[in-house]
Amino acid sequence: MPVMGVDMQKEPISGPYLVRMGGWTLERYLAEAPESARWEYVRGEVVVHSPATAEHQDLVRFLLRLLDGYYEAQGWGKVLMGPAAVQVLPEVVREPDLFVLPPEAAEQAQGVPIRARPALIIEVVSSATRSMELGEKAQEYG
């Protein structure tokens, strides 16, 4: 079922947003979450993020280039970037901005969701998601 966020005048939401929809199962999330948008599954809810800004993506790209070259040179693992569904807990699938899989976990990283445990997860904090990223995500990634 396609979902579109609209305001009270039924106009598409254009600014930063974070939408939570309850009543989902992990199986439904895996079957219906679109690859073209950032959807996360958290304990029966789907969390839908607004599209990333150009500034956000510039920072993610910079960090990816920096970390990827270093980790590859050291043989310390594989650096990947979102959107990629990573199962961080049995009932939580997040799409981190960047994450590093150690060499032994990189071989297990197949399909959706990725069930290999990242050695490092990086979230670029935005105004729309700051409290979630510094609160619940930090605890889940712990």
Can you tell me how far apart CG (Leu59) and NE2 (His56) are? Round to the nearest 0.5 Å.
7.5 Å
Any chance you could measure Asp97, atom CG, to Met81, atom CE, to the nearest 0.5 Å?
8.5 Å
At what distance, to the nearest 0.5 angstrom, does OG1 of Thr25 lie from CD of Glu32?
8.5 Å
Of Ile122, Leu80, Val88, Leu120, the one forming a side-chain contact (heavy atoms from CB on, under 4.5 Å) with Phe99 is Leu80
With the 4.5 Å side-chain cut-off for hydrophobic clustering, are Leu89 and Leu26 part of the same group?
no
Measuring from Leu66:CG to Tyr71:OH, what's the distance to the nearest 0.5 Å?
10.5 Å
Pair Arg20, Val46 - check side chain to side chain contact (heavy atoms under 4.5 Å, CB included), show working.
CA-CA 6 Å; Arg20 291 180 177 265; Val46 168; over 6 Å; no
Has Glu55 got a side-chain atom pairing as donor or acceptor with Asp58's backbone, closer than 3.5 angstrom?
no
I'd like to know if Lys78 and Glu104 make a salt bridge, using a cut-off of under 4.0 Å between side-chain N and carboxylate O.
no
Cluster check Ile114, Tyr141: I/L/V/M/F/W/Y, side chain < 4.5 angstrom
yes
Heavy-atom nearest pair, Ala105 first then Ala116, reads O-CB, 3.4 Å
With a 4.5 Å heavy-atom cut-off, do Val19 and Met21 have their side chains touching?
yes
Any heavy-atom pair between the side chains of Val86 and Pro96 that's under 4.5 Å?
yes
With no hydrogens and no angle check, do the side chains of His49 and Glu40 hold a donor and an acceptor under 3.5 Å apart?
yes
Can you establish whether the number of heavy atoms outside Gln57 located under 6.0 Å from its atom CD is more than 12?
yes
Counting N and O atoms only, with roles assigned by atom type, does the side chain of Arg38 sit under 3.5 Å from a partner on the main chain of Pro83, one being a donor and the other an acceptor?
no
If you define the side chain from C-beta out and look only at heavy atoms, does anything of Val47 sit under 4.5 Å from Leu18?
yes
Do Pro34 and Trp39 have side chains that get closer than 4.5 Å, going by heavy atoms?
yes
Modelled atom types, side-chain donor and acceptor of Tyr41 and Glu91, under 3.5 Å:
yes
Within a strict 4.5 Å, meaning less than it, do heavy atoms of the Val60 and Leu98 side chains meet?
yes
Around atom CD of Glu35, are there more than 12 heavy atoms from other residues, nucleotides or ligands closer than 6.0 Å?
no
In the single-linkage hydrophobic clustering (I, L, V, M, F, W, Y; side-chain heavy atoms under 4.5 Å), do Ile121 and Val42 co-cluster?
yes
Does Val93 form a side chain to side chain contact (heavy atoms under 4.5 Å, CB included) with Tyr29? I'd like the steps, not just the answer.
CA-CA 9 Å; Val93 177; Tyr29 162 79; 3.7 Å; yes
Within the 4.5 Å heavy-atom criterion, are Arg117 and Leu101 side-chain neighbours or not?
no
Note: Glu140-Arg43 ion pair, threshold 4.0 Å (strictly below)
yes
Between Glu95 and Ala37, what is the shortest heavy-atom contact and its length?
OE1-O, 4.2 Å
Given the rule in the side chain to side chain contact (heavy atoms under 4.5 Å, CB included) test, do Val79 and Glu72 qualify, once you have shown the distances and angles that lead to the verdict?
CA-CA 8 Å; Val79 181; Glu72 185 176 328; over 6 Å; no
With sequence neighbours excluded, give me every salt bridge (charged side-chain N to carboxylate O under 4.0 Å, His left out) pair touching residues 121-134.
Glu123-Lys137
